[in-house]
Amino acid sequence: MISELEMEKAESELELGLGLSLGGGTAAKIGKQGGGGAWGERGRLLTAKDFPSVGSKRAADSASHAGASPPRSSQVVGWPPIGSHRMNSLAAKSAREEEGEAGKKKVKDDETKDVNKKVQVGFIKVNMDGVAIGRKVDLNAHSSYENLAQTLEDMFFRGNPGTIGLTGQFTKPLRLLDGSSEFVLTYEDKEGDWMLVGDVPWRMFITSVKRLRVMKTSEANGLAARHQESNERQRK
Amino acid sequence: MDRRFPFKVLEHIFSFVDSNEDRNSVSLVCKSWFETERRTRKRVFVGNCYAVSPLKVARRFPKMRSLTLKGKPHFADYNLVPDGWGGYAWPWIEAMAARRPFLEEIRLKRMVVTDECLEKIAASFRDFKTLVLTSCEGFSTDGIAAIASTCRKLRDLELRECIVDDLGGDWLSYFPETSTSLVSIDFSCLDSEVKLSDLERLLSRSPNLKSLKLNRSVTLDVLESLLRRAPQLVELGTGSFSDELDPEEIAKLTKALSELKQLKSLSGLWDLLPEYIPLLYSLCPRLTSLNLSYATVMDLIEDKGLKTVALCCKELRELRVFPSGADLDETDVTLTEQGLVSVSEGCPKLESVLYFCVQFTNAALVSIAKNRPNFRCFRLCVMEPFAPDYRTQQPLDEGFKAIVERCKDLRRLSVSGLLTDKAFEYIGVHAKKLRMLSIAFAGDSDLMLHHLLSGCQSLKKLEIRDCPFGDTALLENAAKLETMRSLWMSSCFVSFGACKQLSQKMPRLNVEVIDEHPPKTRPDSSPVERIYIYRTVAGPRLDTPEFVWTIHKSPEVGVSRLSIR
């Protein structure tokens with residue numbers, strides 16, 4: 001059924017990114033690409049083939065996806081349909097379980113409350129200069145800055161060299177973290193200050209970040225690295 | 001001879017007509033009934049804030065005391081509606097403040113509410129009593145402090161799952177020492193710690209408090225002290241339930257919990273430790289509502305745990321079970337369809353359920369339907385898209401057929417798992433009272449949509465994502481859409497051309513295309529990412545962001561995006 005529909009839509013250039021609610025690609029700018037199907041490899045209506053049946057191993061099935069691994073149900077945007085409050089709660093719970101059993105033992109002073117407050121991790125907003133629509137990214141699904149940068153690059157710039165990204169421009173893969181590209185990654189912390197991403201250990205970062213912004217390097221000149229006092233404050 | 005019923009008599013009669021549905025019918029009888037009804041309506045409900053203008057509402061109901069508004073589509077809860085879509089409360093607050101200063105209650109759902117809005121409310125409505133914000137965003141705890149400090153008669157302050165800029169727990173201290181009118185308070189969605197002494201004092205001077213929902217930062221060791229001050233509670237949302245208590249503290253807490261003789265609803269229970277479950281047993285026999293959203297402990301929320309619920313909570317009317325983190329990763333499966341079957345067997349009054357599960361069977365659905373024909377709200381989320389009955393590998397068509405056949409009062413349904421068009425034929429045929437239906441990753445063709453739109457007489461809200469149909473069914477059933485509040489479709493095959501046709505055909509529908517790419521730049525046959533269609537008497541809205549296009553009615557103009565920031 002899906003393949004029939006794919007053939008019918010040969011004219012459109014629209015690509016919907018897998019796992020993204022909004023797609024990349026600006027039809028007006030690309031022009032027709034060699035008679036291929038409208039729905040590119042990445043941009044397809046997800047069908048049953050995409051989800052290996054329950055109970056079987058969730059190994060990447062590259063046969064039908066030409067290299068892209070099938071999405072896990074938790075990687076599809078807005079699925080399962082759990083509101084962000086509960087998502088954050090679940091993320092916090094697994095973060096705490098990672099910390100070990102120590103989190104469960106009661107400490108008879110304010111530190112307990114700090115532990116409880118610390119784990120407010122979850123989906124945070126990401127905006128990019130020049131792009132109207134913000135995104136949300138699940139910090140808990142990432143383990144490092146590189147991880148996060150890769151996700152953001154995929155989100156906004158498609159990742160593949162020469163493809164049209166969200167910004168509608170041809171771009172090469174970015175290096176958001178090393179200062180060599182047109183954009184830098186910044187974040188707003190709980191105190192409301194905007195900082196360059198990457199200065200503090202990852203664990204500390206995720207507890208203090210409120211939201212992210214992919215900023216033009218030219219505009220980011222005023223940002224300072226974390227102050228000494230902030231470092232002190234963050235240590236338990 | 002003047003045969004008209006005297007206005008005063010009509011007015012008196014209408015004062016007994018409570019439900020807005022009845023009042024809407026009454027207002028259609030004749031002009032004088034319309035006039036009388038509108039002058040006597042106290043509670044105004046607007047299910048879609050863009051269906052009518054605030055000014056019109058304010059003018060029509062001079063005696064209104066309570067306003068309920070809903071903004072964004074439901075799927076906004078799952079990040080399917082981009083930020084900035086709309087749903088701003090300000091125009092409504094402004095209009096009401098200017099014209100209806102006697103307004104006492106405002107309830108908003110999925111709207112953008114700013115501190116400015118809250119300050120305006122505090123400053124404009126002398127007798128303001130009730131503020132309930134559900135899934136709202138855009139304000140900070142400063143706005144809440146303004147309400148707390150200024151509204152002398154405040155009875156209800158409820159923040160349900162809002163996204164709040166939390167600037168600290170001070171807002172609680174803004175309740176004046178003289179305020180004793182509080183009936184319900186819900187700050188469960190806030191992060192910051194409130195001062196325990198402020199909270200204790202507030203509880204002590206609020207003898208009418210019926211509903212208390214704490215946030216996670218309220219730890220278990222202080223719960224007893226709070227409950228002692230509010231034994232009359234009917235609804236309790238605890239804070240975190242995970243600290244270790246010594247035996248003396250446990251004894252004190254057990255006693256305090258058992259003193260809650262009126263308690264009917266329990267929620268919160270963050271990180272509930274299994275060893276504390278017995279503490280809750282004394283509450284179970286009276287519970288009508290159990291929300292285990294945050295009590296996501298594997299040991300509890302499994303089939304065994306639900307069996308206990310089935311045994312103990314005989315009064316239970318509403319149950320919500322969410323997956324734990326482990327379920328999301330789909331490694332271990334300890335919560336299965338059996339849990340819901342047990343509860344449906346054991347709880348005769350159960351009428352509303354929200355249940356997440358990794359997989360399901362038709363047999364289980366049939367059992368559940370047989371056990372509980374009194375369901376009014378049945379939301380099953382099989383988390384694996386396209387998952388068939390795991391025993392028979394069949395679609396779940398027959399299972400959901402049983403649900404809609406047996407549960408004749410079903411008002412709300414969410415389906416999931418592998419479903420063919422047949423499932424929707426069953427729903428169209430049987431679900432005559434169904435008002436809201438949510439569908440994801442289902443169906444084979446346009447027939448699916450056709451069955452629903454032509455069959456479900458009472459359908460008011462339909463939301464669909466990732467289903468393989470589009471234009472034909474939509475255009476064939478265009479007239480149906482004006483009888484509904486709204487239709488949401490995302491990641492389906494609806495073409496831009498169909499949207500245009502639909503909009504031209506149906507003058508009183510706003511057809512919104514929510515898409516990153518300007519519709520003008522691509523052919524009519526191209527699919528749009530999302531459409532949101534709703535009936536309205538207010539015309540296209542003026543506050544659309546760059547990625548929302550309301551399709552214009554007149555063919556020459558095409559698509560317009562009137563935007564006033």
Original post:
Considering only heavy atoms, which portion of Val81(B) lies under 4.5 Å from any heavy atom of chain A: side chain, backbone, both, or neither?
Top reply: neither

Original post:
Which atoms of Cys189(B) come close to chain A, meaning under 4.5 Å heavy atom to heavy atom: side chain ones, backbone ones, both, or neither?
Top reply: both

Original post:
Taking the side chain from Trp79(A) and the backbone from Met383(B), do they hold a donor-acceptor pair closer than 3.5 Å?
Top reply: yes

**OP:** Grab the two heavy atoms, one from Asp165(B) and one from Lys210(A), that are nearest each other, plus how far apart they are.
**Re:** OD1-NZ, 3.4 Å

Original post:
Rounded to the nearest 0.5 Å, how far does CD1 of Ile82(A) lie from CG of Asp77(B)?
Top reply: 12.0 Å

**OP:** Please report the shortest heavy-atom distance between Phe356(B) and Pro80(A), naming the atom on each side.
**Re:** CE2-CB, 4.1 Å

**OP:** For Thr151(A), check side chain to side chain contact (heavy atoms under 4.5 Å, CB included) against everything at least two apart and list the hits.
**Re:** Val137(A), His142(A), Met155(A)

**OP:** For Asn79(B) and Val77(A), work out which heavy atoms get closest and say how close.
**Re:** O-CG1, 4.1 Å

**OP:** Report the distance from atom NZ of Lys190(A) to atom CG of Leu167(B), rounding to the nearest 0.5 Å.
**Re:** 12.5 Å

